[in-house]
Amino acid sequence: MGELAFLTAERVGLIVLLAFILVNIRPFRKLLLESTPADRFKLTLIFSAFAIISNMLDIQIDPNNHIMRETILWHVIPGYSVVNVRILVVTVAGIVGGPSVGGITGLVAGAHRTMMEGWASDAWFYIIGSTLIGVLSRMLYRKNRRHFVVMPPWQGFLISLMMESIQMVFVGLFSPTHLKLVSFIALPMIVISSVGTVFFLMILSLYFRQEVDTRAVQTRSVMKLAVRTLPAFRHGLQP
């Protein structure tokens, strides 16, 4: 389990690193402040791409819980399972963009994961599970329905903990090896992915505050100009 925990942490670290790179792009930070359908569509595309990348970073495990070492996972052998960080991305998508962004991101993530297994009949539960998690992750966070707001780290950890636990229920019910697999992957997946979610949200929150502060400074400058010109306007306009 120690090796699995290390590999999972490595994958989570890569996703968090990608998040750090992403938030340094100002157009993305602006999306956190907006709530138009076009902005939500852009967020959905971004998080869906993240989810697909996270699927390709999965750790494949054979029916005897032996870890298969692969840098990039293009397809899953029938009957094998994976340890993934997909739910981390889907959870953050739901928190940041709302149920629609989270749900569609979960749908894309689950469909891609099912496709990696050749649309096998025992892999379709990934679509249902990921979509449900994407919707629920935002519904549990009721502080603001319009756009992303700063979330306390402990709350992000708890929400991620619940979402990962839901995923484990689906895995236990529908995966080829059921509880044998869950007993092997549950602890590292739930704990490490939840910690990764906290770091992901902390990075978004840091740059979200930066964007809010920038807008506040711009607004303050406009207000100061208005205050200085108001006395002149009171006397009417003249050449």
Hydrophobic cluster (4.5 angstrom, side-chain heavy atoms) - remaining members for F41: L45
Any donor-acceptor pair under 3.5 Å from S54 side chain to A51 backbone: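 Confirmed, S54 side chain pairs with A51 backbone.
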Exam field: side chain T114 to backbone A123, donor-acceptor pair closer than 3.5 Å: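 The answer is yes, because a donor-acceptor pair under 3.5 Å joins these two groups.
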I need the minimum non-hydrogen distance between [X] and [Y], along with the two atoms involved.
X: P176; Y: D122; result: CG-OD2, 3.6 Å
X: A109; Y: V90; result: CB-CG2, 4.0 Å
X: S137; Y: T91; result: OG-O, 3.4 Å
X: P63; Y: G79; result: CG-O, 3.6 Å
X: Y80; Y: Q60; result: CB-OE1, 3.7 Å
X: V85; Y: S193; result: CG1-OG, 4.3 Å

Partner set under side chain to side chain donor-acceptor pair (under 3.5 Å) for S130, not counting sequence neighbours: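 If we apply the side chain to side chain donor-acceptor pair (under 3.5 Å) test to S130, skipping adjacent residues, the hits are R86.
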W124 and W119 aromatic ring geometry - parallel, tilted or perpendicular at 30°/60° bounds: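 It falls in the tilted class, 30° to 60°.
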Greater than 12 external heavy atoms within 6.0 Å of F20's CZ: no
NZ/K180: more than 12 non-hydrogen atoms of other groups inside 6.0 Å: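 It does: K180 NZ has more than 12 such atoms within range.
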Shared hydrophobic cluster for I87 and I61 (ILVMFWY, side-chain gaps under 4.5 Å): yes
Candidate pair R113 and D58, rule side chain to side chain contact (heavy atoms under 4.5 Å, CB included), full reasoning: CA-CA 10 Å; R113 170 63 182 84; D58 284 352; 4.1 Å; yes
Listed partners of E164 passing salt bridge (Lys or Arg N to Asp or Glu O under 4.0 Å), at least two apart: none
side-chain contact (heavy atoms from CB on, under 4.5 Å) partner of L57, chosen from I59, N55, I53: I53
Test item: T197 and M163 side chains (from C-beta on) under 4.5 Å apart, heavy atoms: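 Result no, sub-4.5 Å side-chain heavy-atom pair not found.
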Derivation of the side chain to side chain contact (heavy atoms under 4.5 Å, CB included) call for M162 and L136: CA-CA 10 Å; M162 286 186 281; L136 287 178; over 6 Å; no
Side chain to side chain contact (heavy atoms under 4.5 Å, CB included) evaluation trace for L22 with F50: CA-CA 10 Å; L22 180 64; F50 261 67; 3.9 Å; yes
Side chain to side chain contact (heavy atoms under 4.5 Å, CB included) between F157 and V195, worked out: CA-CA 6 Å; F157 182 84; V195 172; 4.0 Å; yes
